[in-house]
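The next block holds one structure in the form of structure tokens; read it before the comments.
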Amino acid sequence: MSEQQSGDRATVGAEMPSNVTHSGHDETTRVPAAAAARRGAQLHVAGLTCLAVAAALVVSDLYDPSGDSLLPFYNVVAANTIMYDESDGSVMSQSRTQRRRRRRRQLRRNQPVHLLYSSDDRSLQGVEASIRSVIHHASEDVVFHFVGESPLPSMPYVNYYNISEVVEKYHLTDFINTHKRHNGDKREGVNLNENMPNYVRFVMDDLLPSVGKAMWIDSDTVVRCDVVHLVRNVLNEDNEENEDTDNSEVIAAVPVFSPPTGLYKNDKHGNPFPDWGIETSFNAGVYVVHLDRWREQKISDQIRDLALRNRKYRYYEMGSQPPLVLTVGENFEHLPLSWNVKMKTIDEREDMSLEDACVLHWSGPMKPWDGNGNHLEEWLPYHIENAEDPSADGEEED
């Protein structure tokens, strides 16, 4: 007899006076027939539940041998198991939706973390330094993806995608902003509005079709905290009340408490644009994206439509930042401010110190691989010519 059955029967017996006989002839102490029948049904249901669990234990060799838990097989059994509520003797059925969400969350938390970089050959040194910094601080292995003109010379373990093939396959030219920047649209001879690696972020869902969540990081960064812990603890489903994900947050990014930059107030004919209604935006250089929700909400299609309309109406002057921010709006999860700290302003900030920063971001024209920018001493340790890569033999770089 199982412990649950023994406990239930002891509870029923305790409620019966000691002088009650099994025949029940004493009318003053006899338990009514209906109550007795109800108790019998309760015990029968409890017994069936215990038998179901016991069956799962007996045939536990059916569960995935790679795991160390009975949960995968037990979920199959429990899908149709009736739960016994001892408080009032009622029978209740556990929500299948809640079980599916719990299992999905557990599986995703055990999946590897994916990071995506994209740049031209001018920024290869930055990409390699950033990857070294990620490896140095990650608590587990990370899967790296890089889209560029050529593979990373010292990192054969990084998944490489040729930028020309990606442009053609996923029609990245649809996202190009054909308008020129008023503050000068070239950097190192490159028209930033036509720099195709910037637009790869809009097709991450197609580029990584089997990945549910990933992180985008610009090449001009150094990471000093654990990206595994970050990615696995944002954009989760704990607060979802139903299966409808139309309004679920797609992106987790550091908030910028001001409207988006680079927007025009009037169209090319001088007619004012309506207010976009965005008071809190974000910088698109570092963020986590929930790719399943991105696919469900067709974010790529929305951004492509906005980019094509921008050619006619001229909503914004920059390349990849405005269409992403305008499409997502304020519906994004806020990351701690330390996860995207711009180095050009770090010495002026009162709410953030260099020591507390998790991601150092050399945004703008001053790049550390050119010997420019503030606090190069934070970047140089991860940029060592012909240095042994920390992932090559499983050891981290000092």
Side-chain angles (χ1 to χ4, degrees), residues 66 107-167 169-170 172 196-201 203-234 285-291 339 358-362 367-369 378-398:
S66 64
L107 291 175
R108 281 183 176 163
R109 284 170 182 159
N110 293 330
Q111 288 179 348
V113 169
H114 294 258
L115 266 65
L116 177 63
Y117 293 84
S118 181
S119 79
D120 54 27
D121 283 351
R122 300 170 185 267
S123 305
L124 288 186
Q125 298 176 70
V127 174
E128 291 181 334
S130 184
I131 289 177
R132 290 191 186 101
S133 70
V134 170
I135 295 173
H136 188 81
H137 295 91
S139 57
E140 297 180 17
D141 291 341
V142 175
V143 181
F144 295 97
H145 307 268
F146 172 65
V147 181
E149 297 173 312
S150 56
L152 300 176
S154 64
M155 299 180 172
Y157 55 86
V158 174
N159 297 303
Y160 169 70
Y161 311 80
N162 181 270
I163 182 62
S164 298
E165 296 175 0
V166 171
V167 169
K169 183 175 182 179
Y170 301 114
L172 292 193
M196 300 314 301
N198 286 337
Y199 299 108
V200 170
R201 72 189 79 214
V203 296
M204 289 175 64
D205 58 323
D206 290 325
L207 195 65
L208 308 175
S210 61
V211 177
K213 191 161 45 172
M215 187 172 185
W216 172 280
I217 304 183
D218 278 357
S219 60
D220 51 358
T221 57
V222 160
V223 179
R224 306 198 303 180
C225 296
D226 183 10
V227 298
V228 174
H229 181 269
L230 175 76
V231 173
R232 287 185 176 165
N233 286 279
V234 299
V286 180
Y287 62 89
V288 181
V289 55
H290 196 298
L291 292 175
W339 277 94
C358 283
V359 174
L360 310 180
H361 190 184
W362 283 268
K367 300 303 181 185
W369 52 86
E378 299 293 337
W379 184 83
L380 288 173
Y382 302 102
H383 171 64
I384 303 175
E385 293 293 341
N386 301 318
E388 182 179 358
D389 190 78
S391 69
D393 58 1
E395 296 182 0
E396 293 184 344
E397 181 181 1
D398 292 334

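Values below: every heavy atom of this structure, side chains too, minus hydrogens, waters and symmetry copies.
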| query | Is there a side-chain contact (heavy atoms from CB on, under 4.5 Å) between Phe146 and Ser119 once you walk through the steps? | reply | CA-CA 8 Å; Phe146 172 65; Ser119 79; 3.6 Å; yes

| task | Determine whether Leu360 and Glu378 make a side-chain contact, defined as any pair of heavy atoms from C-beta on separated by less than 4.5 Å. | result | yes

| said: Tell me every residue that passes side chain to side chain donor-acceptor pair (under 3.5 Å) with Thr221, counting only those two or more places apart in sequence or in another chain. | reply: Ser130

| query | Given Ile135 and Val142, is the side-chain contact (heavy atoms from CB on, under 4.5 Å) satisfied, shown in steps? | reply | CA-CA 7 Å; Ile135 295 173; Val142 175; over 6 Å; no

| task | Could you tell me which residues satisfy side-chain contact (heavy atoms from CB on, under 4.5 Å) with Asn159, sequence neighbours excluded, listed by chain and number? | result | Val143, His145, Tyr161

| query | Should Val127 and Phe144 count as side-chain neighbours, where that means a heavy-atom distance under 4.5 Å? | reply | no

| request: Mind checking the NZ-CE spacing from Lys213 to Met204? Nearest 0.5 Å is all I need. | output: 12.5 Å

| Rounded to the nearest 0.5 Å, how far does CG of Leu124 lie from OH of Tyr117? | 13.0 Å

| message | Just verifying a value: how many Å separate His114 NE2 and Ser210 OG, rounded to the nearest 0.5 Å? | response | 6.5 Å

| field | Which residues share a side-chain contact (heavy atoms from CB on, under 4.5 Å) with Asn162, sequence neighbours left out | value | Tyr160, Ser164, Glu165

| task | Could you check if a side-chain atom of Trp369 sits within less than 4.5 angstrom of a side-chain atom of Asp220, using non-hydrogen atoms only? | result | yes

| task | Decide yes or no for Asp121 and Ser150: does some side-chain heavy atom of the first lie under 4.5 Å from some side-chain heavy atom of the second? | result | yes

| Going by heavy atoms in the side chains, are Pro381 and Val222 under 4.5 Å from each other? | no

| Can you list the residues that meet the side chain to side chain donor-acceptor pair (under 3.5 Å) rule with Trp216, with sequence neighbours excluded? | Asp218

| field | Side-chain heavy-atom pair Val234, Trp339 within 4.5 angstrom cut-off | value | no

| query | What residues, two or more places apart in sequence or in another chain, satisfy salt bridge (Lys or Arg N to Asp or Glu O under 4.0 Å) together with Glu140? | reply | Arg232

| task | Answer yes or no: is there a side-chain heavy-atom contact under 4.5 Å between Tyr157 and Ile131? | result | yes

| query | Where do Val200 and Ile163 land on the side-chain contact (heavy atoms from CB on, under 4.5 Å) test, with the steps shown first? | reply | CA-CA 9 Å; Val200 170; Ile163 182 62; 3.7 Å; yes

| said: Could you tell me if the side chain of Glu128 sits less than 4.5 Å from the side chain of Pro153, heavy atoms only? | reply: yes

| Test log, rule side-chain contact (heavy atoms from CB on, under 4.5 Å), inputs Val286 and Met215 | CA-CA 7 Å; Val286 180; Met215 187 172 185; 3.7 Å; yes

